[in-house]
Amino acid sequence: MHAYDDQNIFAKILRGEIPNDTVYEDDYALAFNDISPQAPVHVLVIPKGAYLSIDDFGERASAVEVHGFYAAISKIVDQLNLGEKGFRVIANTGHDGGQEVPHYHAHILGGRVIGPMVS
Ligand code: 5GP
């Protein structure tokens, strides 16, 4: 696994160096609209800590951070009224997973039928 690069775009967003369209924020997570939305709702949720990927997060984050992050996802789903119709959460990971930004992020996609899991 590569070392965390604190110059990645989401690290800069967390530090306030790059603006974002914030949807939700608490001590454990920041959520903002994707700059290139793939669905009517396309929100990125990132942990406040420096984690590369979902597996890095699962390995190194504390139980409080892990709970805080997934509780934030639940709050965002509720805030955006996605629960009834449904939504998809994607965590692209590494080269084969198509991860472009090396800071763990969950994509929340909704607002229409998202379609096949893999095209
Ligand atoms: P990945 O391919 O790493 O899973 O997804 C990275 C996502 O970040 C892409 O959907 C891309 O559109 C989004 N993204 C990249 N740079 C920015 C940015 O500066 N601001 C926002 N809001 N989204 C970004």
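Read the numbers this way: they start at 1 and go in the same order the structure lists the ligands and their atoms.
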Give every donor-acceptor pair under 3.5 Å between a side-chain atom in residues 86-100 and any protein atom, sequence neighbours left out.
unit_1, atom_1, unit_2, atom_2, d
Arg88, NH1, Gly115, O, 3.3
Arg88, NH1, Pro116, O, 3.3
Arg88, NH2, Gly115, O, 2.7
Thr93, OG1, Ala91, O, 2.9
Gln99, OE1, Gly94, N, 2.9
Gln99, NE2, Leu52, O, 2.9
Gln99, NE2, Val101, O, 2.9

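- Ala39 and Leu109 make their closest contact through CB-CD2, 4.1 Å (heavy atoms, listed as atom of the first residue, atom of the second, distance).
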Output a table of donor-acceptor pairs, distance under 3.5 Å, between side-chain atoms of residues 6-15 and any protein atom two or more places apart or on a different chain; print 'none' if there are none.
unit_1, atom_1, unit_2, atom_2, d
Asn8, OD1, Phe10, N, 2.9
Asn8, OD1, Ala11, N, 2.9
Asn8, ND2, Tyr4, OH, 3.1
Asn8, ND2, Asp5, O, 2.7
Arg15, NE, Glu17, OE2, 2.7
Arg15, NH1, Asp6, O, 2.9
Arg15, NH2, Asp6, O, 2.9
Arg15, NH2, Glu17, OE1, 3.4

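- If you check the side chains of Thr22 and Asn20, you find a donor sitting under 3.5 Å from an acceptor.
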Within the protein, flag every N or O under 3.5 Å from an N or O of ligand 1, and note the pair and distance.
unit_1, atom_1, unit_2, atom_2, d
ligand 1, 2 (O), Gly98, O, 3.1
ligand 1, 2 (O), Glu100, N, 3.3
ligand 1, 3 (O), Glu100, N, 2.6
ligand 1, 3 (O), Val101, N, 3.0
ligand 1, 3 (O), His105, NE2, 2.9
ligand 1, 4 (O), Asn92, ND2, 2.9
ligand 1, 4 (O), His105, NE2, 2.8
ligand 1, 4 (O), His107, NE2, 2.8
ligand 1, 5 (O), His105, NE2, 3.2
ligand 1, 5 (O), His107, NE2, 3.3
ligand 1, 10 (O), Asp34, OD1, 3.3
ligand 1, 10 (O), Asp34, OD2, 2.5
ligand 1, 12 (O), Asp34, OD1, 2.5
ligand 1, 22 (N), Asn33, O, 2.9
ligand 1, 22 (N), Ile35, N, 3.4
ligand 1, 23 (N), Ile35, N, 3.3

Using a 3.5 Å cut-off and no angle test, enumerate the donor-acceptor pairs between side-chain atoms of residues 63-80 and protein atoms at least two apart in sequence or in another chain.
unit_1, atom_1, unit_2, atom_2, d
Glu65, OE1, Tyr51, OH, 2.8
Glu65, OE1, Ser62, N, 2.8
Glu65, OE1, Ser62, OG, 3.3
Glu65, OE2, Tyr51, OH, 3.0
Tyr70, OH, Tyr104, OH, 2.8
Ser74, OG, Tyr70, O, 3.4
Gln79, NE2, Val23, O, 2.7

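- A donor-acceptor pair under 3.5 Å links the side-chain atoms of His105 to the main chain of His103, judged by distance alone.
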